[in-house]
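One structure is given here, and the rest of the page talks about it.
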Amino acid sequence: PSAMREVFLETPKVYWGDIGGQEHVKAKLKESVEWPLLHPEAFRRLGVKPPRGILLYGPPGCSKTLIAKALATEGGLNFIAVKGPEVFNKYVGESEKAIREVFRKARAAAPSIVFLDEIDALAPARGSEESGGSTGDRVLMSLLTEMDGIEELNGVVVLAATNRPDVIDTALMRPGRLDRILYVSPPNPQARADIFRLNFKKMAVHEEVNSEELAEMTEGCSGAEIASICQDAALSAMNEDMNTPSVGKAHFIEAARTVRRRITKEVIEGY
Ligand code: ATP
């Protein structure tokens, strides 16, 4: 089997406006990725070093992947995405080959973003429970080598994402590697209302449905859970009447009441 199968070159069409909340993260990414590409002379003149790599961390379903895609779309960057667990496969030497291939593609496609999702699977701390022993160490070393290799290259930015920042080897966070670290939080009430409204744009919703009210009811929900509430509400509306012109308030309220929340208090306190 080829190690290259896990490498995707795609053009995601996600815009900043598709993402509710996360204003701070959006602003930081514009400043550290878009600005250096658009205004390299200003960075040189003022002696500002743009980051080579950025780590996004936070609970699941809170838009890390969306943010990476929007950054690529809005910045006009090619997007090369891999998932840690898929690269970390069992064939000896295959993982290192896959990592080299990802960075080779990124250099060829510059300006580009390398998106390393679930990086904890690829770079667990050496000697930790999660590390795969010497295989894991070799995979980590080849990742570090590739990251250091892009230092002198312009136009390749590494974006990594994880739900578990605590298990990543700290060598990855040294200067010149993933040296900008951004927390992608669960949405606040305002952002939750925005996420409901973004979902409503894609469906027929009865006029009495109130996004603010639903935002109040969904304290602690991720964006992914809000999207699933909307799907559930639409399905139960269909169940009731296949010819219904729109999804009603009662369907949303019931779906919001019964949604399973993955982000517990303990999860949040862990960050
Ligand atoms: P994971 O850690 O599980 O990979 P993630 O943080 O990368 O999750 P995404 O994959 O970006 O999360 O989000 C999953 C889905 O949830 C999105 O495709 C979108 O439908 C919805 N979603 C999450 N956050 C938002 C948001 N802020 N605005 C709009 N939609 C959102």
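All residue numbers in this chain count up from 1 along the given sequence.
- Transitive grouping of hydrophobic side chains (ILVMFWY, heavy atoms separated by less than 4.5 Å) brings Ile119 and Met141 into a common cluster.
- Shown here for Gly155 and Ala110, the closest heavy-atom pair between the two residues is O-CB, 3.7 Å.
- Other residues sharing the hydrophobic cluster of Leu235, ordered by chain and number and joined by side-chain separations under 4.5 Å: Met238, Met242.
- Annotation: side chain of Arg107 is in contact with side chain of Glu146 (closest heavy-atom distance under 4.5 Å).
- Considering only heavy atoms from C-beta on, Phe103 comes within 4.5 Å of Val158 through its side chain.
- Side chain of Ser246 to backbone of Ala204: no donor-acceptor contact under 3.5 angstrom is found.
- More than 12 heavy atoms of other residues, nucleotides or ligands shown are found within 6.0 angstrom of CD on Glu31.
- Listed by chain and residue number, Cys221, Glu225, Val259 satisfy the side chain to side chain contact (heavy atoms under 4.5 Å, CB included) test with Arg261 (two or more places apart in sequence, or in another chain).
- For the residue pair Val267 and Pro59, the shortest heavy atom distance occurs at CG1-CB, 4.3 Å.
- Distance check, rounded to the nearest 0.5 Å: CG of Asn188 to CD of Gln22 gives 8.5 Å.
- The minimum heavy-atom distance between Gly75 and Glu34, with the atom names listed, is N-OE2, 4.0 Å.
- Crowding of Arg262 atom CZ: a count of heavy atoms from other residues, nucleotides or ligands under 6.0 Å not exceeding 12.
- The side-chain heavy atoms of Ile263 and Cys62, taken from C-beta on, include a pair separated by under 4.5 Å.
- Side-chain atoms of Asp148 do not come within 3.5 Å of backbone N or O of Thr145 as any donor-acceptor pair.
- Considering only heavy atoms from C-beta on, Leu55 comes within 4.5 Å of Ile168 through its side chain.
- Cluster annotation: Ile229 is not connected to Ile19 through the hydrophobic network of ILVMFWY side chains, with a link wherever side-chain heavy atoms come within less than 4.5 Å.
- The NZ atom of Lys83 lies 4.5 Å from the CG atom of Asp117; values are rounded to the nearest 0.5 Å.
- Criterion: ILVMFWY side-chain heavy atoms under 4.5 Å apart, direct or through other members. Under it, Leu140 and Ile181 are part of a common hydrophobic cluster.
- Between Trp35 and Phe43, the ring planes are perpendicular. Angles over 60° get that label, and only those under 30° would be called parallel.
- Not one N or O on the side chain of Arg52 forms a donor-acceptor pair closer than 3.5 Å with the backbone of Met147.
- Between Leu143 and Val139, every side-chain heavy-atom pair lies at or beyond the 4.5 Å cut-off.
- Heavy atoms only, all atoms of each residue included: Ser32 and Arg180 are closest at CB-NH1, 3.4 Å.
- Glu41 has no carboxylate O lying under 4.0 Å from a charged side-chain N of Arg44, or vice versa, which leaves the two without a salt bridge.
- Rounded to the nearest 0.5 Å, atoms NZ (Lys28) and CG (Leu56) are 13.5 Å apart.
- Here the side chain of Asn78 pairs a donor or acceptor atom with the backbone of Ala109 at under 3.5 angstrom.
- Contact detail for Leu37 and Pro40: the closest heavy-atom pair is O-CD, 3.6 Å.
- Residue pairs satisfying the salt bridge (Lys or Arg N to Asp or Glu O under 4.0 Å) criterion with at least one member in residues 190-202, sequence neighbours excluded, are listed as follows: Asp194-Arg197, Arg197-Glu212.
- With hydrogens and angles disregarded, no donor-acceptor distance shorter than 3.5 Å links the side chain of Asn199 to the backbone of Phe196.
- Side chain of Lys26 to backbone of Trp16: a donor-acceptor contact under 3.5 angstrom is found.
- With rounding to the nearest 0.5 angstrom, the OH atom of Tyr57 is 13.5 Å from the CG atom of Leu178.
- With a 4.5 Å cut-off on side-chain heavy atoms, Thr244 and His206 do not count as touching.
- At least one donor-acceptor pair closer than 3.5 Å links the side chain of Ser112 to the backbone N or O of Ala106.
- Partners of Arg257 by salt bridge (charged side-chain N to carboxylate O under 4.0 Å, His left out), not counting sequence neighbours, listed by chain and number: Glu254.
- Annotation: side chain of Leu71 is in contact with side chain of Leu159 (closest heavy-atom distance under 4.5 Å).
- The two atoms that bring Phe252 and Val247 nearest to each other are CE1-CG1, 3.5 Å, heavy atoms only.
- Atoms OG and CG, on Ser142 and Leu122 in that order, are 7.5 Å from each other to the nearest 0.5 Å.
- Phe88 and Leu116 fall within the same hydrophobic cluster, where Ile, Leu, Val, Met, Phe, Trp and Tyr residues are linked whenever their side-chain heavy atoms come under 4.5 Å apart, directly or through other members.
- Applying the side-chain hydrogen bond (donor to acceptor under 3.5 Å, both in side chains) rule to Asp232 yields no partners; only residues at least two apart in sequence or on another chain are considered.
- The stretch residues 157-176 participates, sequence neighbours left out, in these side chain to side chain donor-acceptor pair (under 3.5 Å) pairs: Lys64-Asn163, Asp120-Thr162, Arg126-Asp169, Glu130-Arg164.
- Using a 4.5 Å cut-off on side-chain heavy atoms (C-beta onward), Ile67 and Leu182 make no contact.
- By the rule that hydrophobic residues join a cluster once side-chain heavy atoms approach within less than 4.5 Å of another member, Met203 and Ile195 end up as members of one cluster.
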